[in-house]
Amino acid sequence: MALITFPGVVVHEFAHQLFCRLCGVAIFDVKYFQMADPVGYVEHEPAKKPAHQLLISVGPFIVNNILALALAFPAAIPVFMFNDGSLFDYLLLYLGLSIAMHAFPSTGDAKVMWNTIWHGEDTPLWLKIITVPITGLIYAGAIGSMFWLDLAYGMGVAFGLPILIVKFFSQLM
């Protein structure tokens with residue numbers, strides 16, 4: 001499955017790398033995609049601030065969802081609303097789907113985030129509190145991926161969300 005959805009893996013790892021750079025965290029090694037386990041990774045120094053670790057860990061959720069929606073939105077309208085999509089529209093939908101499928105951080109990301117935030121001496125209470133449901137959602141997503149939840153989520157972002165947005169704004173007009 002990772003081979004078919006490799007664009008999502010690449011964007012996922014790019015998002016980790018992007019947030020490392022934005023937070024000033026040194027990166028030691030990056031593998032955007034490989035046919036081994038893990039299929040991609042970013043090795044970096046420990047984050048200096050607990051909030052930075054949160055951003056680095058959830059970076060793929062932010063970047064992958066925004067990019068998936070931006071790619072799929074202009075293609076979903078002609079394909080699903082007018083049954084008149086071009087080959088390029090279907091390519092954009094594939095990219096949007098594959099990128100959205102890899103939006104959830106891995107359990108490894110959740111473990112690092114949890115350990116950094118909950119075992120950090122200077123972590124504010126508010127950050128610890130919001131880390132609990134985020135970590136729970138990451139683990140739920142990992143369990144759900146065994147039942148193709150990642151595919152359903154990707155379809156919702158790349159196919160369903162653009163249609164809902166168009167229908168919402170068409171009712172306002």
Side-chain angles (χ1 to χ4, degrees), residues 1-45 47 51-80 85-114 116 131 134-165:
M1 182 54 87
L3 182 61
I4 295 169
T5 61
F6 77 92
V9 176
V10 171
V11 173
H12 179 105
E13 300 310 332
F14 168 77
H16 284 309
Q17 184 181 20
L18 173 67
F19 278 91
C20 281
R21 296 211 187 277
L22 291 173
C23 294
V25 173
I27 299 166
F28 304 131
D29 191 23
V30 177
K31 184 66 75 174
Y32 290 110
F33 184 78
Q34 64 182 358
M35 289 305 298
D37 190 25
V39 293
Y41 60 84
V42 176
E43 291 179 4
H44 58 84
E45 71 177 350
H52 288 173
Q53 186 57 57
L54 175 68
L55 289 171
I56 293 166
S57 295
V58 301
F61 191 76
I62 297 165
V63 172
N64 284 49
N65 280 313
I66 290 170
L67 185 58
L69 185 59
L71 287 170
F73 190 86
I77 296 167
V79 170
F80 298 118
S86 67
L87 183 59
F88 186 68
D89 291 326
Y90 286 100
L91 174 64
L92 289 177
L93 287 172
Y94 155 72
L95 289 172
L97 174 65
S98 68
I99 291 169
M101 284 179 67
H102 291 277
F104 277 88
S106 68
T107 56
D109 299 328
K111 286 176 190 172
V112 171
M113 178 182 65
W114 183 266
T116 300
T131 301
I134 292 170
T135 304
L137 286 171
I138 292 170
Y139 278 98
I143 292 167
S145 69
M146 290 186 275
F147 305 101
W148 296 89
L149 180 65
D150 48 354
L151 176 61
Y153 180 82
M155 291 174 68
V157 171
F159 307 159
L161 198 53
I163 293 168
L164 288 174
I165 291 169

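Atoms considered below: every heavy atom in the structure, side chains included; atoms not considered: hydrogens, waters and symmetry mates. Index from 1, following the sequence.
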Nearest 0.5 angstrom please: [X] [atom1] to [Y] [atom2], how far?
{"X": "S57", "Y": "K111", "atom1": "OG", "atom2": "NZ", "value": "13.0 Å"}
{"X": "F104", "Y": "I138", "atom1": "CZ", "atom2": "CD1", "value": "8.5 Å"}
{"X": "T107", "Y": "I143", "atom1": "OG1", "atom2": "CD1", "value": "10.0 Å"}
{"X": "I163", "Y": "F73", "atom1": "CD1", "atom2": "CZ", "value": "10.0 Å"}
{"X": "L161", "Y": "M155", "atom1": "CG", "atom2": "CE", "value": "13.5 Å"}
{"X": "F19", "Y": "H44", "atom1": "CZ", "atom2": "NE2", "value": "12.5 Å"}

Determine the minimum heavy-atom distance between [X] and [Y], stating which atoms define it.
{"X": "G85", "Y": "Y90", "answer": "O-CE1, 3.8 Å"}
{"X": "A15", "Y": "V63", "answer": "CB-CB, 3.6 Å"}
{"X": "A75", "Y": "L93", "answer": "CB-CG, 3.9 Å"}
{"X": "A47", "Y": "V25", "answer": "CA-CG2, 4.0 Å"}
{"X": "A158", "Y": "G96", "answer": "CB-C, 3.7 Å"}

Close side-chain approach of [X] to [Y], heavy-atom, < 4.5 Å:
{"X": "V9", "Y": "Y32", "value": "no"}
{"X": "F33", "Y": "L3", "value": "yes"}
{"X": "Y94", "Y": "T5", "value": "no"}
{"X": "V11", "Y": "P60", "value": "no"}
{"X": "L151", "Y": "L97", "value": "yes"}
{"X": "I56", "Y": "V42", "value": "no"}
{"X": "E13", "Y": "V10", "value": "no"}
{"X": "L55", "Y": "C23", "value": "yes"}

*asked:* Please list all pairs meeting side-chain hydrogen bond (donor to acceptor under 3.5 Å, both in side chains) that have one or both residues in residues 145-160, counting only residues at least two apart or in different chains.
replied: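 As it turns out, the side-chain hydrogen bond (donor to acceptor under 3.5 Å, both in side chains) pairs with a partner in residues 145-160, which skip direct neighbours, are N65-Y153.
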_Steps toward ring pair (Phe, Tyr, Trp, His ring centres under 6.0 Å) verdict (F80, F159)_ = CA-CA 8 Å; F80 298 118; F159 307 159; 5.2 Å; yes
*In terms of heavy-atom contacts, does CZ of F28 have more than 12 from other residues, nucleotides or ligands at under 6.0 Å?*
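Buried by this count: over 12 neighbours within 6.0 Å.
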State whether the side chain of [X] and the backbone N or O of [Y] hold a donor-acceptor pair below 3.5 Å, judged by distance alone.
{"X": "T116", "Y": "M113", "result": "no"}
{"X": "E45", "Y": "A26", "result": "yes"}
{"X": "N64", "Y": "A100", "result": "no"}
{"X": "Q17", "Y": "R21", "result": "no"}
{"X": "D109", "Y": "S106", "result": "yes"}

_If you apply the rule side chain to side chain contact (heavy atoms under 4.5 Å, CB included), what do you find for I77 with D89, and how did you get there?_
CA-CA 9 Å; I77 296 167; D89 291 326; over 6 Å; no
_Taking ring-ring contact (aromatic ring centres under 6.0 Å, His included) as the definition, give me every residue that meets it alongside H16, ordered by chain and number, with sequence neighbours left out._
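Checked H16 against ring-ring contact (aromatic ring centres under 6.0 Å, His included); matches are H12.
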*Give the intermediate values and the outcome of side chain to side chain contact (heavy atoms under 4.5 Å, CB included) for residues Y41 and V30.*
CA-CA 6 Å; Y41 60 84; V30 177; over 6 Å; no
